[in-house]
Amino acid sequence: MKLYCKFSIIAAILSVLAFFCNIGTAFAQQTGYAYDAAGNRIKRETVISNNNIRKTPPKTVVSEMLSDRTIKIYPNPTKGMLKIEVSPWLETDMGTATLYNSNGAGLMSVPLTETSTILDITGYTTGMYLMHIKLGDNETTWKIIKE
């Protein structure tokens, strides 16, 4: 019985750490025993389950400085419509946003020609994508999650 309690306590601690460290998944572990009529232990069973604490990451606006420009991409995660904002935008700015799948294959590339650009990825499957943004001589890569 003491061993079962120790495993439960360890599993609870791991779950709390996973939650506060924003790991996103928690592991629960339970151990059970079976005994014969004489009191001898004949079976030990450990069940480890992986339960998502957060089913969907919160939608956020993330910004990054690229040279002297601020780039914002939102919402992320998205259902399909992404907005890319570059500020301040100068008329001389030239840029591209290229979307890649998890295998590195280029899926689409759109020119960045104004302060705000809408990217429609509704036709792509749910999963993680990478968006590479090039603005002049500066480059940055973003992780995009499609729901």
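Every value quoted in this text rests on a predicted model; they were computed, and no experiment measured them.
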Name the residue from Thr98, Asn138, Thr141, Ile73 that meets the side chain to side chain contact (heavy atoms under 4.5 Å, CB included) definition with Ile133. Ile73

What's the verdict on side-chain hydrogen bond (donor to acceptor under 3.5 Å, both in side chains) for Asp120 and Thr122, showing C-alpha distance, side-chain angles and the deciding distance? CA-CA 6 Å; Asp120 183 5; Thr122 53; 2.7 Å; yes

Least distance between heavy atoms, Ala97 atom then Ile84 atom: CB-CD1, 3.8 Å

Supply the atom-to-atom distance Lys134 NZ to His132 NE2, rounded to the nearest 0.5 angstrom. 7.0 Å

CE/Met81: more than 12 non-hydrogen atoms of other groups inside 6.0 Å: yes

When rounded to the nearest 0.5 Å, the distance separating CD1 of Ile145 from CD of Glu147 is 8.0 Å

Before you tell me yes or no, could you show the steps for Met108 and Ile121 under side-chain contact (heavy atoms from CB on, under 4.5 Å), namely the whole-Å CA-CA distance, both residues' side-chain angles and the distance that decides it to 0.1 Å? CA-CA 9 Å; Met108 69 180 345; Ile121 62 171; 4.0 Å; yes

Please lay out, stage by stage, how Leu99 and Leu82 fare under the test side-chain contact (heavy atoms from CB on, under 4.5 Å). CA-CA 11 Å; Leu99 188 70; Leu82 276 172; 5.6 Å; no

Could you list the donor-acceptor pairs under 3.5 angstrom formed between side-chain atoms of residues 123-131 and any protein atom two or more places apart in sequence or on another chain?
residue: Tyr124; atom: OH; partner: Leu107; partner atom: O; Å: 3.4
residue: Thr125; atom: OG1; partner: Tyr129; partner atom: OH; Å: 3.4
residue: Tyr129; atom: OH; partner: Thr125; partner atom: N; Å: 3.3
residue: Tyr129; atom: OH; partner: Thr125; partner atom: O; Å: 2.6

Can you give each donor-acceptor pair under 3.5 Å made by side-chain atoms of residues 110-119, sequence neighbours left out, with the distance rounded to 0.1 Å?
residue: Thr115; atom: OG1; partner: Val86; partner atom: O; Å: 2.7

Residue pairs passing the side-chain hydrogen bond (donor to acceptor under 3.5 Å, both in side chains) test where at least one lies in residues 83-97, sequence neighbours excluded: Arg69-Asp93, Tyr74-Glu85

Closest non-hydrogen atom pair between Lys146 and Gly80, with its separation: CE-CA, 4.1 Å

Do Trp142 and Ile71 touch side chain to side chain, with heavy atoms closer than 4.5 Å? yes

Asn101 and Asn103: which non-hydrogen atoms are nearest, and at how many Å? OD1-N, 2.9 Å

